[in-house]
Colleague: 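This is the structure I have questions about; it appears just below.
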Amino acid sequence: MDRQRLSRLAHARHPIAAPLADESVARLLERATAHTEVGRALDLGCGEGAWLVRALAERPRWRAVGVDLDAQALTRARETADAVGVVRRIGLHHADVREFAAAEPFDLVLIVGATHAFGGLRPALAAVREQLAPGARVLIGESFWEREPSRAALEALGAARDDYADLATTTGRLVRDGWTPVDGHISSQQEWDAYEFSWTGTLAEWALDHPEDPDAAAVREAADRHRTEWLHGHRGTLGFVTYLLRRD
């Protein structure tokens, strides 16, 4: 089935497409926007705009731009922004994040759960350097190995051992590339479990409630497969870190 539709369904109860609790999102956004009263934020791979809408609701003198390939997700983002009263301060673009360029730089760039679109963490950061205003922050989320991955974990993820590194190695590479972590958050096992239960449970429940839909069987199969891969494969092995970075 359409992968974009599957993702929208899976994140219906967890619009932040990453293993982060609401309080973690709130703290990271507060730190990421506290350096200026008036600012511009860019979310590359914004989905339904959850990060940007929350940021604008808290910062009335900020404006934001979101970019995503999922047109329906952008429609929902616009509807949510309208309901919250921030729609006049957000611009949403249906475009490839690798090709997006703006005339003005940004005070905050977010790439959380979307580094794969650039080919990984470091290519994503390299791509946004020219988008940053002086003193800007980057809020970026990426996976890492909590422990040495087993064959079962790699098969469940469809990953290779070299796709990720441990936390120390991942952070060291960023520092060598000229980035300074000024804050961050490592998702807890509780956050991971809540995210995975929401992802798989929302899909399974949708399939149960819509048996007549042509995609119902595929959605249920995706939920069951993902749950098995998580519980019997990568649980406790794959970590997730969200960095708040500045350029040296």
Side-chain angles (χ1 to χ4, degrees), residues 2-4 6-8 10-11 15-20 25 28-29 32 40-52 55 64-71 73-74 77 91-133 136-145 154 157-167 169-187 195 234 238-248:
D2 180 1
R3 291 182 64 184
Q4 292 179 342
L6 185 70
S7 180
R8 286 196 303 274
H11 291 102
I16 298 294
L20 291 160
V25 172
L28 287 167
L29 279 176
R40 282 166 41 85
L42 169 66
D43 190 345
L44 296 170
C46 68
E48 297 183 14
W51 286 96
L52 294 182
V65 172
V67 183
D68 204 279
L69 279 174
D70 188 341
L74 292 174
L92 298 168
H93 298 265
H94 183 219
D96 189 323
V97 294
R98 296 168 299 178
E99 300 172 359
F100 178 80
E104 298 180 63
F106 294 89
D107 302 286
L108 172 64
V109 175
L110 303 98
I111 314 174
V112 183
T115 58
H116 58 86
F118 296 90
L121 177 65
R122 296 168 77 190
L125 286 167
V128 303
R129 285 176 180 167
E130 301 306 316
Q131 305 266 27
L132 302 177
R137 274 69 169 160
V138 177
L139 193 63
I140 189 164
E142 179 66 305
S143 297
F144 68 94
W145 296 128
L154 293 174
L157 293 165
R161 171 63 181 81
D162 292 340
D163 285 350
Y164 306 111
D166 60 39
L167 181 63
T169 301
T170 302
T171 305
R173 289 171 179 171
L174 298 184
V175 172
R176 288 192 295 274
D177 285 347
W179 299 94
T180 297
V182 296
D183 206 336
H185 177 79
I186 298 172
S187 295
Y195 177 65
H234 62 81
L238 190 68
F240 193 84
V241 56
T242 307
Y243 294 102
L244 184 62
L245 302 173
R246 291 183 63 180
R247 287 292 292 165
D248 286 354

Colleague: Would you name the heavy atoms of Ser143 and Leu238 that are closest together and state the gap between them?
Modeller: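 Answer, listing the atom of Ser143 first, then Leu238: CB-CD1, 3.6 Å.
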Colleague: To the nearest 0.5 angstrom, please state how far the CG atom of Leu110 sits from the CG atom of Leu44.
Modeller: 8.5 Å
Colleague: Side chains of Asp166 and Phe144: does their closest heavy-atom pair fall under 4.5 Å?
Modeller: no
Colleague: Can you find a heavy atom in the side chain of Val65 that is under 4.5 Å from one in the side chain of Asp43?
Modeller: no
Colleague: Does Arg137 pair with Asp107 as a salt bridge, N-O distance under 4.0 Å?
Modeller: no
Colleague: Pair Val138, Leu244 - check side chain to side chain contact (heavy atoms under 4.5 Å, CB included), show working.
Modeller: CA-CA 6 Å; Val138 177; Leu244 184 62; over 6 Å; no
Colleague: At their closest point, which heavy atom of Leu52 faces which heavy atom of Ala64, and how far apart are they?
Modeller: CD2-CB, 3.9 Å
Colleague: Measure the spacing between CG of Leu167 and OG1 of Thr171 and express it to the nearest 0.5 Å.
Modeller: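 So the gap between those two atoms works out to 4.0 Å.
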Colleague: Taking the six-membered ring for Trp, are Phe100 and Phe106 parallel (under 30°), tilted (30 to 60°) or perpendicular (over 60°)?
Modeller: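 The arrangement is tilted - the two ring planes meet at 30° to 60°.
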Colleague: For Arg161, does the CZ atom have more than 12 heavy-atom neighbours from other residues, nucleotides or ligands under 6.0 Å away?
Modeller: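 Yes, CZ of Arg161 has more than 12 neighbouring heavy atoms, counting only those of other groups under 6.0 Å.
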Colleague: State, to 0.1 Å, how close Ala77 and Gly47 come at their nearest heavy-atom pair, and which atoms those are.
Modeller: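 Smallest interatomic distance, heavy atoms only, reads CB-O, 4.2 Å.
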Colleague: Please lay out, stage by stage, how Tyr195 and Ile16 fare under the test side chain to side chain contact (heavy atoms under 4.5 Å, CB included).
Modeller: CA-CA 9 Å; Tyr195 177 65; Ile16 298 294; over 6 Å; no
Colleague: For residues His94 and Asp68, determine if any side-chain heavy atom of one lies less than 4.5 Å from a side-chain heavy atom of the other.
Modeller: no
Colleague: Are Val112 and Phe240 side-chain neighbours, meaning at least one heavy-atom pair lies under 4.5 Å?
Modeller: yes
Colleague: Closest approach of Leu154 and Ala160, non-hydrogen atoms and distance?
Modeller: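 Scanning both residues, the minimum pair turns out to be CD2-C, 3.8 Å.
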Colleague: Compare every heavy atom of Leu74 with every heavy atom of Cys46, then report the nearest pair and how far apart it is.
Modeller: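 So the two residues come closest at SG-CD2, 3.6 Å.
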Colleague: For Trp179, is the NZ or CZ atom of Arg246 found under 6.0 angstrom from the centre of its six-membered ring and inside 45 degrees of the ring axis?
Modeller: no
Colleague: Nearest 0.5 Å, please: how far is CZ in Arg40 from CD in Gln131?
Modeller: 9.0 Å
Colleague: Using every non-hydrogen atom in the two residues, find where Leu132 and Pro105 come nearest and quote the distance to one decimal.
Modeller: C-CB, 3.7 Å
Colleague: Look up atom CG in Leu108 and atom CG in Leu42, then write down how far apart they are to the nearest 0.5 Å.
Modeller: 8.5 Å
Colleague: Quick check for you: to the nearest 0.5 Å, what is the distance between Glu142 atom CD and Tyr164 atom OH?
Modeller: 5.5 Å
Colleague: Going by heavy atoms in the side chains, are Leu245 and Leu174 under 4.5 Å from each other?
Modeller: yes
Colleague: Are Gln4 and Leu69 packed together at the side-chain level, in the sense that at least one heavy-atom pair is separated by less than 4.5 angstrom?
Modeller: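 In short, these two side chains touch, coming nearer than 4.5 Å.
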Colleague: With side chains defined as the heavy atoms from C-beta onward, is the minimum distance between Trp51 and Leu139 less than 4.5 Å?
Modeller: yes
Colleague: Can Thr180 and Val175 be said to form a side chain to side chain contact (heavy atoms under 4.5 Å, CB included), step by step?
Modeller: CA-CA 6 Å; Thr180 297; Val175 172; over 6 Å; no
Colleague: How long is the span from the CZ atom in Phe118 to the CD1 atom in Ile111, to the nearest 0.5 Å?
Modeller: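 These two atoms lie 4.5 Å from each other.
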Colleague: Within the structure provided, determine whether Ser187 and Val241 are in side-chain contact (heavy-atom separation under 4.5 Å).
Modeller: no
